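I have placed the structure first, in the form of structure tokens, so that the comments after it can refer back to it.
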Amino acid sequence: MKKTISLILALTVIITSFASFTISAQASSEKTYKSGGFKYYYSVKDNKVNINRILQTNRSKKTLNIPAKISGKKVVTFNIDNMMYDENFCNFVTKVKIPSTVTKINGYNFQHNNINLKSIVVDSKNKNYKTVKGVLYSKDMKTLVKIPHAKKMKEYKVPKSVTFIDTESMSYLSAVKKITINAPAKIDSMAVVGCTGLKTIFVGKKVKSIAYDSFGGYFTNSDLKTISVDKKNKKYASVDGVLYNKKKTTLIKCPAAKSYKNLKIAKTTKKITKQAFVGCYKLKGVTLPSGLTEIGADAFSSCSSLKSINIPKKVKKVKQYTFLYCQKLTSVKLPSSLKEIGYAAFEGCSSLKSITIPKSVKKLGGCAFQDCTKLEKLTIKNKNLEIKKSAIPYIVTGFDDETWQDIIEYKVTIIAPKGSKAQAFAKKYGIKFKAL
């Protein structure tokens, strides 16, 4: 059996598969149209054209002119995101022109690989959208739809008229160093993701809502060091560059590039949201407050410099992927009140040599310690704890041609009570066992 790959790679595979499936499904009803160095794949519904994907057939063409009509029918939507893995995607385009006929656009209609896009232009007769200095907004300037990825500006200030910041509206920016949000806006999921060079996000006093992944999830802003909040904001606060709710009972997001030898989370914190620390590659240590009750799924995933973690006693569950691929993690202390360790909770913690699972733990998820290649001692105190085969790390030493299965070897020693399910598991799979 092959080793479980990292979640990020898995997500990529899923997205690729989904895209391939979508494109295959579309192909049966799609038509094509060529114009100006581009090939458009489109479908017709209610006598209106929906452009599903666009290929660049002439790389010297820098401007993509979305056609207003194809075969006499109005173009109402377009998508240049569906061919994200095709080398002929519009990677060389620097300007996109949108006709008056288009009625619906989202930030994710623009592909992250479109690294050279500097300007978006909308026909002045379009009743739904407009552009200001190359940035795309709704006609009434209440929705920020898209900033071109290569737009050159050190700071982007969200207009005060904006009340909604759309998904991926500020994604994959390469030149913006600071984003200032002084608008009464709701910030959608994944609004600011995948940016390089972005160092600061300022949340003004009027900002109404921020999703847990508005400022990065698995697609992190790799250079982000500070999320600051106006002290007059009634819903949010910032401590040492980290985003919290106003009462500091929930930690929402830690910037990926902030360097911490030991981050002391606010003592009032009860909850750490999912993906709060994903990809914080400079985080070496963190002190969790005694009153903490919940750590969200994926919370510390890919914190590649994190060395130790001490989970407080009020936390009852280490959720799925919580410490996925924390490759320098060597010390983990689990509380005696812990009830569950979720799926792949510590997968890929390749420096971890030993861990003790308390007697209180009733459930151990699959792949919990998979790819913990240096794990030597796994102590299990609950004699009735069920163990899934995938939870225990192993190495592949060969392949059996007759059974068509990998030949695997276990390096870990299981330490548990005599007569326990752990002992029976160890015997079944030829794993070293030591009585507790």
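As the structure is a computational prediction, the values presented were derived from the model and not from experiment.
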task: Test L144 against Y156 for side chain to side chain contact (heavy atoms under 4.5 Å, CB included), laying out the working first.
output: CA-CA 12 Å; L144 170 61; Y156 172 69; 3.4 Å; yes
- request: Evaluate the criterion side chain to side chain contact (heavy atoms under 4.5 Å, CB included) for residue pair I309 and V332; output intermediate values, then yes/no.
  value: CA-CA 5 Å; I309 194 75; V332 176; 3.9 Å; yes
query: So N382 and I357, side chain to side chain contact (heavy atoms under 4.5 Å, CB included) or not? Walk me through it.
result: CA-CA 8 Å; N382 182 357; I357 300 175; over 6 Å; no
message: Between I252 and F215, is the side chain to side chain contact (heavy atoms under 4.5 Å, CB included) condition met? List the steps.
response: CA-CA 10 Å; I252 301 168; F215 300 145; over 6 Å; no
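Residues I355 and L375 form a side-chain contact, since some pair of their non-hydrogen atoms from C-beta on lies under 4.5 Å apart. With a 4.5 Å cut-off on side-chain heavy atoms, D213 and F219 do not count as touching. No side-chain heavy atom of L288 sits less than 4.5 Å from a side-chain heavy atom of N310. Between L334 and T356, every side-chain heavy-atom pair lies at or beyond the 4.5 Å cut-off. Side chains of I147 and M153 form a contact here, defined as non-hydrogen atoms less than 4.5 Å apart. Within the 4.5 Å cutoff, the side chain of T196 has heavy atoms near those of the D223 side chain. For the pair H149/I115, no side-chain contact is recorded, criterion being any heavy-atom separation below 4.5 Å from C-beta on. Taking 4.5 Å as the limit, every side-chain heavy atom of Y137 sits out of range of all side-chain heavy atoms of S161.
In plain terms, the two heavy atoms of T131 and I120 that are nearest each other are CG2-O, 3.0 Å. Taking both residues in full, the closest heavy atoms of V229 and L243 are given as CG2-CD1, 3.6 Å, listed atom of the first, atom of the second, then distance. Closest of all the heavy-atom pairs between D371 and P393 is N-CB, 4.3 Å. Closest heavy-atom contact between V135 and K146: CG1-O, 3.5 Å. For the residue pair V102 and N128, the shortest heavy atom distance occurs at O-ND2, 3.6 Å. In terms of heavy atoms, K317 sits closest to L338 at N-CD1, 3.6 Å.
The environment of K199 atom NZ is dense: over 12 non-hydrogen atoms of other residues, nucleotides or ligands sit within 6.0 angstrom. Enclosure of atom NZ in K62 by more than 12 non-hydrogen atoms of other residues, nucleotides or ligands within 6.0 angstrom is indicated. Within a 6.0 Å sphere centred on NZ of K246, other residues, nucleotides and ligands contribute more than 12 heavy atoms.
Donor-acceptor pairing under 3.5 Å is lacking for the side chains of K381 and S360. Remark: the D188 side chain and the T167 side chain contain an N/O donor-acceptor pair separated by less than 3.5 Å. Inspection of the T180 and N182 side chains reveals no N or O donor paired with an N or O acceptor under 3.5 Å.
For the pair Y129 (side chain) and I105 (backbone), a donor-acceptor distance under 3.5 Å is present. Between the side chain of S214 and the main chain of I187, a donor-acceptor pair closer than 3.5 Å is present. For D406 (side chain) and I408 (main-chain N/O), no donor-acceptor pair under 3.5 Å exists by modelled atom type. Under a 3.5 Å cut-off, the side chain of S238 and the backbone N or O of I227 do form a donor-acceptor pair. At distances below 3.5 Å, at least one donor-acceptor pair connects side-chain atoms of S337 with backbone N or O atoms of K313. The backbone N or O of E409 sits nowhere less than 3.5 Å from a side-chain atom of T397 that would complete a donor-acceptor pair. Not one N or O on the side chain of Q327 forms a donor-acceptor pair closer than 3.5 Å with the backbone of S350. In terms of modelled atom types and a separation under 3.5 Å, the side chain of S331 and the main chain of S308 share no donor-acceptor contact. Checking side-chain atoms of N245 against main-chain N and O of Y236 turns up no donor-acceptor pair under 3.5 Å. No donor-acceptor distance shorter than 3.5 angstrom exists from the side chain of S43 to the backbone of E30, with no hydrogens or angles considered.
In this structure, NZ on K377 lies 8.0 Å from OG1 on T413, to the nearest 0.5 angstrom. For the atom pair S390 OG and Y343 OH, the distance stands at 6.5 Å (nearest 0.5 Å). To the nearest 0.5 Å, the span separating CG on D166 from NZ on K186 amounts to 13.5 Å. Taking NZ of K353 as the start and OG of S351 as the end, the distance is 8.5 Å to the nearest 0.5 Å. Distance check: S301 OG to Q320 CD gives 10.5 Å after rounding to the nearest 0.5 Å. To the nearest 0.5 Å, atom CG of residue N58 and atom NZ of residue K39 are 14.5 Å apart.
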Taking distance alone, no hydrogens or angles, what donor-acceptor pairs closer than 3.5 Å link side-chain atoms of residues 421-436 to residues at least two apart or in another chain?
unit_1	atom_1	unit_2	atom_2	d
K421	NZ	E386	OE2	2.8
Q423	OE1	G419	N	2.6

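Between F277 and F300, the ring planes are parallel. Angles under 30° get that label, and only those over 60° would be called perpendicular. Classification of the F346-F323 ring pair by plane angle, with boundaries at 30° and 60°, yields parallel.
Residue E294 forms a salt bridge (charged side-chain N to carboxylate O under 4.0 Å, His left out) with just one option from K314, K270, K319, and that option is K319.
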